[in-house]
Amino acid sequence: MIELRNVTAGYDKKKVLHALSLQFEPGLVTVLAGPNGSGKSTLLRCAAGLLPVWQGQVLVAGRPVCEYEKDRRKLARQLAYLPQSRPVPNITVQRMVLHGRFPYLSYPRRYARDDYAACQQAMEACGIAQSAGEQVTALSGGQRQKVYLAMAMAQQTPAILLDEPTTYLDIRHQLEVLELCKTLARKGHTLVLVLHDLNLAMRYADRLFLLEQGTLAAGGTPAQIAESGILDRVFGVQTERLNKSDGKITYAFDLPLNMPRSKPDE
C-alpha cells in the first residue's frame, strides 16, 4: 500500500499540492482525475518517490519513502512508475522489457534464468511475445505502450503507477491496456492511473480521486463521485447516468444546458 499523509509539494517556489492525504490500496485500480493543472502527475511523482515533499510524508509498504534513498533499488522492488513521456530507444522489445529487471541485478548486469522467465511472462500477458525480436522504434504507438507496460510488469512490484497510459492510443488499444490493468489489480497489485478521459476513468476505476487545484475534491467509487454532483462543478460539465440493457451503469458528459452551443449549418 502507498499512503500520502498531509503532503504538500511543488516545483521551485510554486506550490502544486496542498496537504493531500489519501491511500492507494492493493487489489484496486485507483484513478486520479481532474482538470489540467490540478496536480495529478505531481501527486504520482511524489508517490513514486521522484519528487521530494515539502511537508507531510509518503509511505511505501509502511516505510517513509525517504528511507529508500540509500538504496533506490529497494524502492524499485516495491513500485514501478511509467511517466507520460518516454524516449523510444532503438533496441529490441525483449531487451526493453528486460530493463524491468534492473532492480534485481548487480553491476555488471547479467540476466539469469529468472529474469528471462519474468520477461517472457510479462510479454505474453501484454500480447507482445511474438514481437520480442523487433525494434521498439518500428512498433505502433499502441504496441510500444504495451512494451512499457510489460517492462513494468517484469519489474514484479506490488504497485504500478501509470501516468496517462492511454495517451495517443486508438480506442481498441486504450481498452486493452486498461483491461490488463484491471487484471493485474485482481491479482492483488496496486494500480494507480492518471487519466484525462472521464469515460474511461468512470468505467475502469475501482476508486476515483478527484483533484482540484492541488486539493482533494472528492474520493470514492465512480458511482459515488458521479451521484455527488462534484464532477459537474469541477469540470464544468453535465453528467448523465445511463442504465444499459445488461444492467451495467455508464455515464455521459455534456456541456451545461445554459452554455451557448454551435448551430448546424442551415
Side-chain angles (χ1 to χ4, degrees), residues 1-7 17-44 46-47 84 149 158-167 169-259:
M1 183 176 70
I2 301 173
E3 182 179 1
L4 284 76
R5 296 179 179 174
N6 296 313
V7 166
L17 303 179
H18 306 267
L20 275 175
S21 294
L22 45 82
Q23 297 179 353
F24 305 136
E25 299 181 10
L28 300 178
V29 173
T30 299
V31 171
L32 303 177
N36 292 337
S38 59
K40 303 182 295 297
S41 295
T42 301
L43 191 159
L44 205 65
C46 287
Q84 181 177 357
L149 189 53
I160 300 177
L161 282 55
L162 307 174
D163 193 352
E164 289 291 344
T166 60
T167 299
L169 302 186
D170 60 49
I171 186 62
R172 178 181 176 87
H173 283 103
Q174 289 180 31
L175 296 176
E176 287 178 350
V177 166
L178 293 174
E179 286 290 345
L180 183 55
C181 290
K182 202 79 168 179
T183 298
L184 290 171
R186 295 297 173 263
K187 292 181 179 180
H189 292 269
T190 300
L191 268 291
V192 186
L193 284 63
V194 170
L195 292 178
H196 270 104
D197 190 315
L198 269 183
N199 288 292
L200 293 177
M202 299 296 283
R203 176 173 177 177
Y204 283 96
D206 296 307
R207 179 167 296 169
L208 183 67
F209 288 120
L210 183 61
L211 300 185
E212 182 181 24
Q213 297 181 349
T215 64
L216 184 61
T221 66
Q224 290 171 336
I225 299 297
E227 292 169 8
S228 71
I230 191 71
L231 289 173
D232 295 27
R233 182 184 66 77
V234 170
F235 284 99
V237 297
Q238 180 175 316
T239 304
E240 180 182 2
R241 170 173 167 161
L242 305 175
N243 297 312
K244 301 176 64 176
S245 58
D246 59 3
K248 295 181 179 179
I249 298 173
T250 188
Y251 298 90
F253 304 96
D254 202 349
L255 294 174
L257 294 176
N258 60 355
M259 180 170 289

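The shown structure was predicted, so the numbers you read here are calculated from the model rather than taken from an experiment. One is the number of the first residue; the rest follow in order along the sequence.
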At what distance, to the nearest 0.5 angstrom, does CE of M202 lie from OG1 of T239? 7.0 Å
Is the shortest side-chain heavy-atom distance between L161 and D163 below 4.5 Å? no
Rounding to 0.5 Å, atoms CD1 (I230) and CD (Q224) come to a distance of 13.5 Å
How many angstroms lie between CD in Q23 and CD in E3, if you round to the nearest 0.5 Å? 4.5 Å
Residues D232 and Q238: closest non-hydrogen pair is OD2-CA, 3.7 Å
Closest approach of S38 to L211 (non-hydrogen atoms, all atoms of both residues): CB-O, 3.6 Å
Pairwise side-chain contact, L44 with L193, heavy-atom cut-off 4.5 Å (strictly under): no
Report yes if the side chains of L162 and C181 come closer than 4.5 Å at any heavy-atom pair, otherwise no. yes
If you define the side chain from C-beta out and look only at heavy atoms, does anything of L43 sit under 4.5 Å from L4? yes
Between D206 and K182, does any side-chain N to carboxylate O distance fall below 4.0 Å? yes
Can you tell if the side chain of L210 reaches within under 4.5 Å of the side chain of F235, non-hydrogen atoms only? yes
Shortest non-hydrogen contact from P222 toward A201: CG-O, 4.5 Å
If you look at every heavy atom in A252 and L242, which pair is closest and at what distance? CB-CD1, 3.9 Å
Measure across I225 and G220 and return the closest heavy-atom pair with its distance rounded to 0.1 Å. CD1-N, 3.8 Å
Just verifying a value: how many Å separate L184 CG and T190 OG1, rounded to the nearest 0.5 Å? 11.0 Å
Once rounded to the nearest 0.5 Å, what's the spacing between atom CD of E176 and atom CG of L149? 11.5 Å
Got a sec: does the CD of Q84 have more than 12 other heavy atoms crowding it under 6.0 Å? yes
Does a side-chain heavy-atom distance below 4.5 Å link L216 with S21? no
Any ion pair linking E164 and K40 (charged N to carboxylate O, less than 4.0 Å)? no
Check: F209 and V192 side chains under 4.5 Å, non-hydrogen atoms: no
Less than 4.5 Å apart, side chain to side chain, heavy atoms only: is that true for L175 and R203? yes
